[in-house]
Amino acid sequence: VKIGAAAAAPPMVDTLLGTSSSRLWELMKLNIGMRLRAGLLNIVQRGDSGTADKLTNALKQDHYDEYQRAYLMQLLGRTGDERAVESLINTLIEDTELLRVSAADALGWIGDERAVQPLLSALEQSPADSSVREVAAEALGRIGNPEVIPALVTSLTDTNEWVRRASAVALGDLGDQSVMDALAQALGDESALVQDAAFEAIKKLSDTSFTTEISP
């Protein structure tokens, strides 16, 4: 991903970076701030080097708490800035669960192949951190490297239903029909979440049987 010309950061991003004790941060940390958090992630433009630079500089400061740093990482991931990959990989490997989750999320959105092996390790070697495994599976699906398919198939039997669900979604995103049998088995999972994700993945991997093309 090539980073484009610097653009003006979204005003709400500038507000977040203005001070770590703003009213906006207070709202973001509340349960009712979920839509606000998601909405702000969606307005960050991929390729915006100006916003990426601001977020990178903010993450070097020590006055943001762990929650704030985690969210800033997610925002940085949405810019697609490959310059952040190495730092995010380091966080994924050796930081707290919350920060590892955000680093995995950001790496998935950036989509750089350097993140594949660290994300695989997080998926396979984080027994106590189901949230890390879940987001690592999602990220691997976004990156799209077919070499991760065996690990994701194995994760369809993870002890945590959210990890199994994320693995099913990721397998659907990868577009390889060789996983159909594994997904079919997941249709019998005890969790409705996993069943639904497996069904949607099977639909996605099926040729045209679930789509309709409307001619003018």
Problem set entry | Least distance between heavy atoms, Leu107 atom then Val85 atom | CD2-O, 3.9 Å
Problem set entry | Trace of the side-chain contact (heavy atoms from CB on, under 4.5 Å) decision for Gln68 with His63 | CA-CA 9 Å; Gln68 292 168 325; His63 56 270; over 6 Å; no
Identify every side-chain donor-acceptor pair in residues 193-202 under 3.5 Å, counting partners at least two apart or on other chains, and give the distances.
unit_1: Gln195; atom_1: NE2; unit_2: Asp189; atom_2: O; d: 2.5
unit_1: Glu200; atom_1: OE1; unit_2: Lys203; atom_2: NZ; d: 3.4
unit_1: Glu200; atom_1: OE2; unit_2: Lys203; atom_2: NZ; d: 3.4

Problem set entry | Close side-chain approach of Leu119 to Ile143, heavy-atom, < 4.5 Å | yes
Exercise. Nearest heavy-atom pair of Pro118 and Ala115: which atoms, and what distance?
Worked result: CD-O, 3.3 Å
Exercise. Of the non-hydrogen atoms in Tyr71 and Arg37, which two are nearest, and what is the gap between them?
Worked result: OH-O, 2.7 Å
For this session: With the side chain counted from C-beta on, respond yes when Met73 and Thr91 share a heavy-atom pair under 4.5 Å apart, and no when they do not.
Result: yes
Exercise. Nearest heavy-atom pair of Glu26 and Ser21: which atoms, and what distance?
Worked result: OE2-O, 4.3 Å
Exercise. Heavy-atom distance under 4.5 Å between the side chains of Ser49 and Arg83, does that happen here?
Worked result: yes
Exercise. Would you say the side chain of Arg100 lies within less than 4.5 Å of the side chain of Ile93, judging by non-hydrogen atoms?
Worked result: no
Problem set entry | Straight-line distance of Asp112 CG to Ile89 CD1, nearest 0.5 Å | 7.0 Å
Exercise. Are Thr154 and Leu123 side-chain neighbours, meaning at least one heavy-atom pair lies under 4.5 Å?
Worked result: no
Problem set entry | Residue pair Leu88 / Ile110, side-chain heavy-atom distance below 4.5 Å | yes
For this session: Please tell me if the side chains of Ser191 and Arg164 come closer than 4.5 Å, counting only heavy atoms from C-beta onward.
Result: yes
Seminar exercise, completed: When every non-hydrogen atom of Leu140 is compared with those of Leu174, the smallest separation belongs to O-CD2, 4.2 Å
For this session: Identify whether the distance between the nearest side-chain nitrogen and carboxylate oxygen of Lys29 and Asp65 falls below 4.0 Å.
Result: yes
Exercise. When you check the gap from the basic side-chain N to the acidic O, do Arg142 and Asp173 get nearer than 4.0 Å?
Worked result: no
Exercise. Are Leu72 and Leu99 connected, step by step, through hydrophobic side chains (Ile, Leu, Val, Met, Phe, Trp, Tyr) whose heavy atoms are closer than 4.5 Å?
Worked result: yes
Exercise. Is there a donor-acceptor contact under 3.5 Å from the side chain of Asn57 to the main chain of Asp53?
Worked result: yes
For this session: Answer with yes or no whether the side chains of Asn145 and Glu113 bring together a donor and an acceptor at under 3.5 Å.
Result: yes
Exercise. Is it true that Arg133 and Glu124 make a salt bridge, defined as a side-chain N closer than 4.0 Å to a carboxylate O?
Worked result: no
Problem set entry | Shortest non-hydrogen contact from Ala137 toward Ala166 | CB-CB, 4.0 Å
Exercise. Got more than 12 heavy atoms from elsewhere within 6.0 Å of CH2, Trp25?
Worked result: yes
For this session: May I ask you to check whether Thr79 and Asp81 show a side-chain donor-acceptor distance below 3.5 Å?
Result: no
For this session: Give a yes or no on this: more than 12 heavy atoms of other residues, nucleotides or ligands lie within 6.0 Å of atom CD of Glu97.
Result: yes
Exercise. Would you call Arg69-Asp95 a salt bridge at under 4.0 Å N-O?
Worked result: no
Exercise. Do Leu171 and Leu156 touch side chain to side chain, with heavy atoms closer than 4.5 Å?
Worked result: yes
